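Below is one structure; the comments refer to it alone.
These figures come from a predicted structure and were not determined experimentally. Each chain gets a letter, A, B and so on, in the order the sequences are listed, and its residues count up from 1.
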Protein chains: 4
Amino acid sequence: MSEKSVRKKEYILEQAQKVFAQKGFKDVTMKDIVTACNVSRGGIYLYFNDTSEIFEAVLDLRAKAEKNLFTEQIENTRCAEEQMRRFLNEQKRELLNPTDSLIIATYEYLFAHSAALNKAEMEDNFMHASGQLLRIIQNGVENGEFSVEPDVAAQNIVLLLEGLRISSTVLTLSEEFLDHQMEYILSQLTRGQST
Amino acid sequence: MSEKSVRKKEYILEQAQKVFAQKGFKDVTMKDIVTACNVSRGGIYLYFNDTSEIFEAVLDLRAKAEKNLFTEQIENTRCAEEQMRRFLNEQKRELLNPTDSLIIATYEYLFAHSAALNKAEMEDNFMHASGQLLRIIQNGVENGEFSVEPDVAAQNIVLLLEGLRISSTVLTLSEEFLDHQMEYILSQLTRGQST
Amino acid sequence: MSEKSVRKKEYILEQAQKVFAQKGFKDVTMKDIVTACNVSRGGIYLYFNDTSEIFEAVLDLRAKAEKNLFTEQIENTRCAEEQMRRFLNEQKRELLNPTDSLIIATYEYLFAHSAALNKAEMEDNFMHASGQLLRIIQNGVENGEFSVEPDVAAQNIVLLLEGLRISSTVLTLSEEFLDHQMEYILSQLTRGQST
Amino acid sequence: MSEKSVRKKEYILEQAQKVFAQKGFKDVTMKDIVTACNVSRGGIYLYFNDTSEIFEAVLDLRAKAEKNLFTEQIENTRCAEEQMRRFLNEQKRELLNPTDSLIIATYEYLFAHSAALNKAEMEDNFMHASGQLLRIIQNGVENGEFSVEPDVAAQNIVLLLEGLRISSTVLTLSEEFLDHQMEYILSQLTRGQST
DNA sequence: AATGAATGAGGATTCATTCAT
DNA sequence: AATGAATGAATCCTCATTCAT
């Protein structure tokens, strides 16, 4: 694939991402994407065969971008609570900007393809997703900052965030509301500390 | 509407519910529902005008059924922790049986109609959903069983459950996994108790 | 057919007439008529088999009513010009009230059935329609009031009126406009008179 | 739109015109037109969105063609009576060939859309239609050939022609019959001349 | 006589996908 | 590589008409 092709492909993915954020996955047609990009009706097939392929590529692109962001934002501190605060703040920032969230699209996609999906692999993914968090919490426990079962706590937070993300597609979550929840999470991690 | 019609309508809703549980909301066509029931192509329009109307009716039916179940299961005890356990057990039971969950369908429906929806009203609904829980937690706080901010804790649990429900469409949640989370929730409510 | 049936049938025709006046012929469905009357979906078939039959019956009913009106209004004068004025006034009155005109419906009906129609018979009808007029004009010619070729003049007036009727479905004809035309017609009949 | 597209569009309009002439407006379906042209079920939508749009385009096409014809046929003479004869002959020619008349279709279309139409604008159109005629008659009056009120006479002739056109959809008008009417019109214009 | 539930045919419309250019 | 015209499948939805009650 020529360099020009690569750039065009990336452009398509950028535009497609917006479409998926706005309409979810199932309602998006090839026509929608063709309209959003600068491609002809037939031209899109030179790059992708259907909306699933496009969506997968969008997710891949995002995953790469996020990975970089993630490590960079957090690693530069020793204090687990501080790391946790940064992490939660990052989440909060995203939750306050639901316009470009792919959460609904992602669930629609996964659910639509659930027959074809490897559940074991998905669980692995879930564990990975909580991996970052797990490390922070383990740090905290080792430091004596936190006193929880690290696995369970990390999963708990991941699930809560998922609940927030999915709710944000339908509700308007205020910053105040999110602050309360974030504080609650932190206070839970340190609960036994007072003794 | 004759009595027979009423029964047929209910039958349609039962069958439709299965379809929505299996395919979500957006992918369901009038034809799907027609095929699942014993109705002709045009016959369904005697009862409903489109899939949205059917889905709304399915949700209404569910809401009624759940309301009864809820009060009955929980009210017969004074101990807040016991009430909480019963509530969580009920949630666990549902989470282990994701085949007939409408969670994906519900989010697809809400998201697809989000332009037409009243966000303020939706937030009210959310608050109500946590209302039951809120009362249990307030009881617990008054009893001295729990020591949390009731509002925030109730919302936290609702969101976590939402996270579990939506995740269950894509992952297989083991009973063990759920038990850990449920215990974690309970332990959080009683955190300061040890002192 | 029982007396009650006869009355119901007439009631149906009355209501149907309004429907045809409003929608023309082709757009009217059995459902429209059923909705406009107090009859059940299937019940209408006890009286009529399709919209054509209903429309034909409506026209028959009208024809009867008009015939009575016509003779009654005009015959009581000897002066041809006065008769003519009365006739034209009656036409004017109808043209100013186009809401219950069946002209469009009639042409739609005739055109839709033109294959099945006997053209010769239709021409007879046309001649009949001008018959009344013809007699008045012949009177006038014999009196020396008018000086025209009676056949041609009568047909001319019938055609002009048809033009007015059909135009009135689409334009709003003012009373003033109609007065000018009516005067013009009259002046034509008497044209040679000045000599 | 490519040149080929333009030609195809014109081809569609030609074929559609025949369909409208035969069936009127309301009975014509997209399927009818698709069948009459060489287009697939969905293909027609590349050119037009519904039958109204097609019919409007057909009328536009006609209007252009007629405008040319009109001026060309008439302007080359000074004598108003001669101009009038040519004009009426042209009308006669069309009336004798009712197979490709769009009159019924036009009234069905106008009537069906009457709610959406601007009546004032329609009246303007009507006045314009009589404009050509009006000029001829004014010429004649100035020449001393005719002695009538030009406005009223022009409108009278337009309405008569409309009556003839609409009647021709249902009756077979003989050439003789038309000749009589045409002569009658002309004689009316010159009525006072004898003095 | 009368009802109205039910059926199925028919037409509208939108898209994924192909293909000639 | 790229275009966009064209096709045909799939769905939606409305009615005429039938039929059990």
Proximity to the side chain of [X] - top-ranked nucleotide from [options]:
{"X": "D:Y47", "options": "F:dC15, E:dA5, F:dA5", "value": "F:dA5"}
{"X": "D:S40", "options": "F:dA6, F:dC12, F:dT18", "value": "F:dA6"}
{"X": "B:K31", "options": "F:dC12, E:dA1, F:dA6", "value": "F:dC12"}
{"X": "C:K8", "options": "F:dC15, E:dT3, F:dT17", "value": "E:dT3"}
{"X": "D:V39", "options": "F:dA16, E:dA16, F:dT7", "value": "F:dT7"}

Give the minimum heavy-atom separation between [X] and [Y], together with the two atoms involved.
{"X": "A:V28", "Y": "A:T51", "value": "O-CG2, 3.6 Å"}
{"X": "B:I166", "Y": "B:Y107", "value": "CD1-CD1, 4.1 Å"}
{"X": "A:K26", "Y": "B:G24", "value": "NZ-CA, 3.9 Å"}

**OP:** Check whether any side-chain heavy atom of A:Y11 lies under 4.5 Å from a side-chain heavy atom of A:V39, and answer yes or no.
**Re:**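 No. Closest side-chain heavy atoms not under 4.5 Å.
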Mind calculating the distance between [atom1] ([X]) and [atom2] ([N]) to the nearest angstrom?
{"X": "B:K9", "N": "E:dA6", "atom1": "NZ", "atom2": "P", "value": "12 Å"}
{"X": "C:N38", "N": "E:dA1", "atom1": "CG", "atom2": "C1'", "value": "15 Å"}
{"X": "C:K26", "N": "F:dC15", "atom1": "NZ", "atom2": "P", "value": "17 Å"}
{"X": "C:I12", "N": "E:dA2", "atom1": "CD1", "atom2": "C1'", "value": "11 Å"}
{"X": "D:I44", "N": "F:dG8", "atom1": "CD1", "atom2": "C1'", "value": "15 Å"}
{"X": "D:Y45", "N": "E:dG11", "atom1": "OH", "atom2": "C1'", "value": "8 Å"}
{"X": "A:Y11", "N": "F:dA2", "atom1": "OH", "atom2": "P", "value": "14 Å"}
{"X": "B:R41", "N": "E:dT7", "atom1": "CZ", "atom2": "P", "value": "13 Å"}

**OP:** Count the heavy atoms of every other residue, nucleotide or ligand shown that sit under 6.0 Å from CG of A:N38, and state whether that count exceeds 12.
**Re:**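 Open.
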Subject >> 5′-ward residue of the pair B:V28/C:M30 relative to DNA chain F >> reply: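 Its nucleotide being nearer the 5' end, the pick is B:V28.
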Original post:
Want to settle it: does C:D32 or D:G42 sit nearer the 5' end of DNA chain F, counting the closest nucleotide to each?
Top reply: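 Per heavy-atom nearest nucleotide, the more 5' residue is D:G42.
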Original post:
Do NZ/NE/NH1/NH2 and the carboxylate oxygens of D:D32 and D:K23 come within less than 4.0 Å?
Top reply: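 Yes.
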Original post:
With a 4.0 Å cut-off, would you call D:E14 and D:K18 a salt bridge?
Top reply: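 Salt bridge absent between D:E14 and D:K18.
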**OP:** Map C:K4 and D:N49 onto DNA chain E by nearest heavy atom, then report which one ends up closer to the 5' terminus.
**Re:**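 Looking at the nearest nucleotide for each, C:K4 comes out on the 5' side.
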Original post:
Between C:L46 and D:G43, who's closer to the 5' end of DNA chain E by nearest nucleotide?
Top reply: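 Comparing both residues, the 5'-ward one is C:L46.
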Subject >> Secondary structure string for DNA chain E (Watson-Crick or G-U under 3.5 angstrom, | for other-strand pairs) >> reply: .||||||||||||||||||||
**OP:** May I ask you to list the residues of residues 50-58 of chain B, by number, that have any heavy atom positioned under 4.0 Å from an atom of DNA chain E?
**Re:**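 Output list: empty, so none.
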Subject >> Side-chain donor/acceptor of A:S168 to backbone N/O of A:R165, under 3.5 Å >> reply: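 Here the side-chain-to-backbone pair exists.
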**OP:** Identify the residue among A:I33, A:I104, A:T106, A:D27 that makes a side chain to side chain contact (heavy atoms under 4.5 Å, CB included) with A:F20.
**Re:**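 Result for side chain to side chain contact (heavy atoms under 4.5 Å, CB included) with A:F20: A:I33.
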Original post:
Taking only N and O in the side chain of A:S5, is any of them less than 4.0 Å away from OP1 or OP2 of F:dA1?
Top reply: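 Yes, such a contact exists.
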**OP:** Assign the ring pair B:F25 / B:F55 to parallel, tilted or perpendicular, where the plane angle (0 to 90°) is split at 30° and 60°.
**Re:**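 Because their plane-to-plane angle lies in the 30° to 60° range, the rings of B:F25 and B:F55 count as tilted.
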